[in-house]
Amino acid sequence: QVQLVESGGGLVQAGGSLRLSCAASGRTFSNYAMGWFRQAPGKEREFVTAISRSGSRTNYADSVKGRFTISRDNAKNTVYLQMNSLKPEDTAVYYCAARYSSSVDYTFLLGSGYGYWGQGSQVTVSS
């Protein structure tokens with residue numbers, strides 16, 4: 001019901017910044033909670049951050065708290081991940097995800113809770 005297209009990945013030096021975008025098409029974007037996950041080579045997929053459907057609630061993994069910011073623009077059907085003070089350990093493929101959440105305004109922290117996924121965007125941080 002929803003297609004997610006990511007953009008904004010690339011190569012950056014440690015300490016630099018990148019902004020990922022995830023544009024949604026299909027059903028009403030404002031009905032979906034959104035999240036970002038990442039998977040580094042040889043590692044399991046891990047939670048990065050999540051935002052409720054209204055944008056009023058957010059959650060962050062401890063590893064990115066204070067450095068990353070999730071936001072959404074429901075008028076543009078887009079969720080963003082602003083990444084500052086990047087570290088080499090942030091290198092991974094980043095995936096946005098959407099979960100239809102009806103009328104609730106919760107965040108969801110488990111990948112298994114999301115039904116729709118973007119194609120992935122490579123972020124590489126050099127030291």
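Here, residue 1 is the first one in the sequence, and each next residue gets the next number. Remember, predicted model here, so these are calculated numbers, not experimental data.
Annotation for Asp105 and Ser52: closest pair OD1-OG, 3.0 Å, computed over non-hydrogen atoms. Of all heavy-atom pairs spanning Ala98 and Leu4, the tightest one is N-CD1, 3.8 Å. The two residues Gly9 and Val123 come nearest to each other via the heavy atoms CA-CG2, 4.3 Å. The two atoms that bring Val2 and Ala24 nearest to each other are CG1-CB, 4.0 Å, heavy atoms only. For the residue pair Ala33 and Arg72, the shortest heavy atom distance occurs at CA-NH1, 4.1 Å. Of all heavy-atom pairs spanning Tyr95 and Gln119, the tightest one is CE2-O, 3.8 Å.
Note on Leu109: it does not cluster hydrophobically with Tyr60, by side-chain heavy-atom contacts below 4.5 Å among ILVMFWY residues. Hydrophobic clustering keeps Phe108 apart from Leu81 (ILVMFWY residues linked when any side-chain heavy atoms are closer than 4.5 Å, directly or through intermediates). A continuous path of hydrophobic side-chain contacts links Phe68 to Ile70 [ILVMFWY only; heavy atoms under 4.5 Å].
Between atom SG of residue Cys22 and atom CE of residue Met34 there is a gap of 4.5 Å, rounded to the nearest 0.5 Å. Within the model, atoms OG1 of Thr107 and CZ of Arg57 stand 7.5 Å from one another, a figure rounded to the nearest 0.5 Å. Atom OG of Ser121 is separated from atom CZ of Arg38 by 13.5 Å, given to the nearest 0.5 angstrom. Here the CD-OG distance, from Gln13 to Ser126, works out to 5.0 Å after rounding to the nearest 0.5 Å.
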*Check the pair Ser17, Gln82 against side chain to side chain contact (heavy atoms under 4.5 Å, CB included), reporting the backbone distance first and the verdict last.*
CA-CA 8 Å; Ser17 298; Gln82 179 66 48; 4.0 Å; yes
*Assess whether side chain to side chain contact (heavy atoms under 4.5 Å, CB included) is satisfied between Met83 and Leu20, documenting all intermediate values.*
CA-CA 8 Å; Met83 302 182 290; Leu20 302 182; 3.7 Å; yes
_side chain to side chain contact (heavy atoms under 4.5 Å, CB included) evaluation trace for Leu86 with Leu18_ = CA-CA 8 Å; Leu86 282 161; Leu18 284 174; 4.2 Å; yes
*Decide side chain to side chain contact (heavy atoms under 4.5 Å, CB included) for Arg53 and Asn31; before the verdict, give the C-alpha distance in whole Å, the side-chain angles of both, and the deciding distance to 0.1 Å.*
CA-CA 6 Å; Arg53 69 187 192 92; Asn31 289 149; 3.5 Å; yes
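Around the CD atom of Gln122, the shell of radius 6.0 Å holds more than 12 heavy atoms that belong to other residues, nucleotides or ligands.
The ring pair (Phe, Tyr, Trp, His ring centres under 6.0 Å) test with Phe47 singles out one residue from Tyr114, Phe37, Trp36, and that residue is Phe37.
Between Asp62 and Lys65 a salt bridge is recorded (basic side-chain N to carboxylate O distance below 4.0 Å).
In this structure a side-chain-to-backbone donor-acceptor pair under 3.5 Å is missing from Gln39 to Val93. In this structure, the side chain of Thr91 engages the main chain of Val125 through a donor-acceptor pair within 3.5 Å. Counting only distance, with no hydrogens or angles, the side chain of Ser112 and the backbone of Leu110 share no donor-acceptor pair below 3.5 Å. Put simply, the side chain of Thr49 gets close to the backbone of Asn59: a donor and an acceptor are under 3.5 Å apart.
Looking only at atom types and distance, the side chain of Ser56 has a donor-acceptor partner in the side chain of Ser54 under 3.5 Å away.
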